[in-house]
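Since the structure comes first, as structure tokens, the remarks are kept for the end.
No experiment lies behind these values; they were computed from the predicted model shown.
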Amino acid sequence: MAAVSDRLPAFPWDKLEPYKKTAAAHADGIVDLSVGTPVDPVPELIQRALVGAADSPGYPTVWGTPALRDAITGWLRGRLGASAAEHRNVLPVVGSKELVAWLPTQLGLGAGDKVAYPRLAYPTYEVGARLCGAEAVVYDDPAELDPAGVKLLWLNSPSNPTGKVIPKEDLIRIVAWAREHGILVFSDECYLELGWEAEPVSVLHDDVCGGSYEGLVAVHSLSKRSNLAGYRAAFIAGDADVLGELLEIRKHGGMMTPAPVQAATVAALGDDRHVEEQRARYAARRTALRAALEAHGFRVEHSEASLYLWVTRDEPCWDTVAHLADLGILVAPGDFYGEAGARFVRVAFTATDERVEAAVKRLG
């Protein structure tokens, strides 16, 4: 068993435990801005849908109910501008992290293949490559990669951790390059509904893909937009041939979204009001934290979208983590996301209003 785990890096969050203890010792308690986990209630209409489908004694289907596929394709067309989306272009998954980690394995990649992802990135892209024995390669601009051996290209816009958004014209250029070299593109767009100073665009938008999803798949999650991290509700959309192959594999693997979660997803995708209400909460927290961090001497870079502020005091990230822990504030060190983040920290604004207010007071 160790042969598989030995391929993986040390679990980064374990390194944060001593700083968490320091922050927790603060007289007014910890303000945990390290992990971007939702803290606000699940909207009532989604809870009702979940409860209404609670009597689901049979096995759910891996492809999802027709109602779920209708909801996803309708959202793709209406929200992403993917006008050609049909049922064959969608597939529900059991949370996006599961998909990211196991995708290279399910695609049949292995030794001699390359999986490319941004230099500053969600660590699970690298984990997925390591699990199947492929080579992980990083990029600043994917079109500058040597395409030889690159079988899977991860895009991430808005970015975790930086909040950077890839402009539409760059997406068009990258898609054309990947298609020219026969490279499969998976675009992680889980923060797409959380643009603040830029408007994120999907790789499936008609203007980007030309109305064809060949070689393109987008990854979406309801964890952030609808406070459903605990539900593990996500889906992928795009190239029907790729999704058809993944569907067959996932049927054999029993990778099924529970029936009540499927029903909850239908309700969530059919309602925009709760998304706007949650955006307003996050916008207020973001504004308050940004002002407090800048007044405290931090510089904010990128951060035009997502649930994070990417900040620096031009010092090693662990020094910053220690400094904030002494104030009772826990943040994520930038080197969790690659060596290029060694002088940054990621600050989530997913805490409650009360905890954000406490952080602002301490920074002042």
Kindly indicate whether the side chain of [X], heavy atoms from C-beta on, has any atom under 4.5 Å from the side chain of [Y].
X: L33; Y: L289; answer: yes
X: R279; Y: L194; answer: yes
X: V100; Y: W154; answer: yes
X: P60; Y: T257; answer: no
X: C190; Y: V219; answer: yes
X: P158; Y: E189; answer: no
X: F235; Y: L76; answer: yes

Contact summary for [X] and [Y], nearest pair of heavy atoms:
X: L192; Y: S202; value: CD1-N, 3.8 Å
X: A229; Y: P38; value: CB-CD, 3.8 Å
X: C317; Y: G341; value: CB-O, 4.2 Å
X: V94; Y: R250; value: N-NH2, 3.7 Å
X: G64; Y: R69; value: O-NH2, 3.0 Å

Problem set entry | Heavy atoms from other residues, nucleotides or ligands near CH2 of W102 exceed 12 (cutoff 6.0 Å) |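 Counting other residues, nucleotides and ligands, CH2 of W102 stays at 12 neighbours or fewer.
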
For this session: State yes or no: are the ring centers of F344 and Y337 separated by less than 6.0 Å?
Result: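 Not close enough - the centres of the two rings lie 6.0 Å or further apart.
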
For this session: May I ask you to check whether Y19 and W318 place their ring centres under 6.0 Å from each other?
Result: yes

Exercise. Can a donor-acceptor pair be found between the side chains of H87 and T73 at a distance below 3.5 Å?
Worked result: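 Looking only at side-chain atoms, T73 and H87 do not form any donor-acceptor pair under 3.5 Å.
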
Exercise. Can Q278 and S226 be counted as having a side-chain donor-acceptor contact under 3.5 angstrom?
Worked result: no

Problem set entry | Residue that, paired with I30, satisfies side-chain contact (heavy atoms from CB on, under 4.5 Å) out of K21, R355, K20 | K20

For this session: Using side-chain contact (heavy atoms from CB on, under 4.5 Å) as the criterion, point out the one residue from V93, V62, V261 that pairs with M256.
Result: V62

Would you check if the side chain of [X] reaches a backbone N or O of [Y] as a donor-acceptor pair within less than 3.5 Å?
X: R346; Y: V331; value: no
X: Y213; Y: A84; value: yes
X: E304; Y: V165; value: yes
X: R130; Y: R7; value: yes

Exercise. Quick one: do R88 and E245 make a salt bridge, cutoff under 4.0 Å?
Worked result: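 Not counted as a salt bridge, because no side-chain N and carboxylate O are separated by less than 4.0 Å.
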
Exercise. Between R173 and E169, is the closest basic N to carboxylate O distance under 4.0 Å?
Worked result: no

Can you tell me how far [atom2] of [Y] sits from [atom1] of [X], rounded to the nearest 0.5 angstrom?
X: R343; Y: R313; atom1: CZ; atom2: CZ; value: 11.5 Å
X: D239; Y: S212; atom1: CG; atom2: OG; value: 7.5 Å
X: I72; Y: E86; atom1: CD1; atom2: CD; value: 14.5 Å
X: Y117; Y: D188; atom1: OH; atom2: CG; value: 14.0 Å
X: L184; Y: E214; atom1: CG; atom2: CD; value: 10.5 Å
X: I329; Y: H26; atom1: CD1; atom2: NE2; value: 8.0 Å

Exercise. What is the ring orientation for H296 with F298, classed by angle as parallel under 30°, tilted 30 to 60°, or perpendicular over 60°?
Worked result: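 Aromatic pair H296/F298 classed parallel.
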
Problem set entry | Same apolar cluster (I L V M F W Y, side chains within < 4.5 Å links), L307/W310 | yes

Problem set entry | Hphob cluster co-occupancy, L120 + V347, side-chain heavy atoms under 4.5 angstrom | yes

For this session: Check each of W196, Y308, Y282, Y122 against Y191 using the ring pair (Phe, Tyr, Trp, His ring centres under 6.0 Å) test, and report the only one that passes.
Result: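 Answer to the ring pair (Phe, Tyr, Trp, His ring centres under 6.0 Å) test with Y191 among W196, Y308, Y282, Y122: Y308.
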
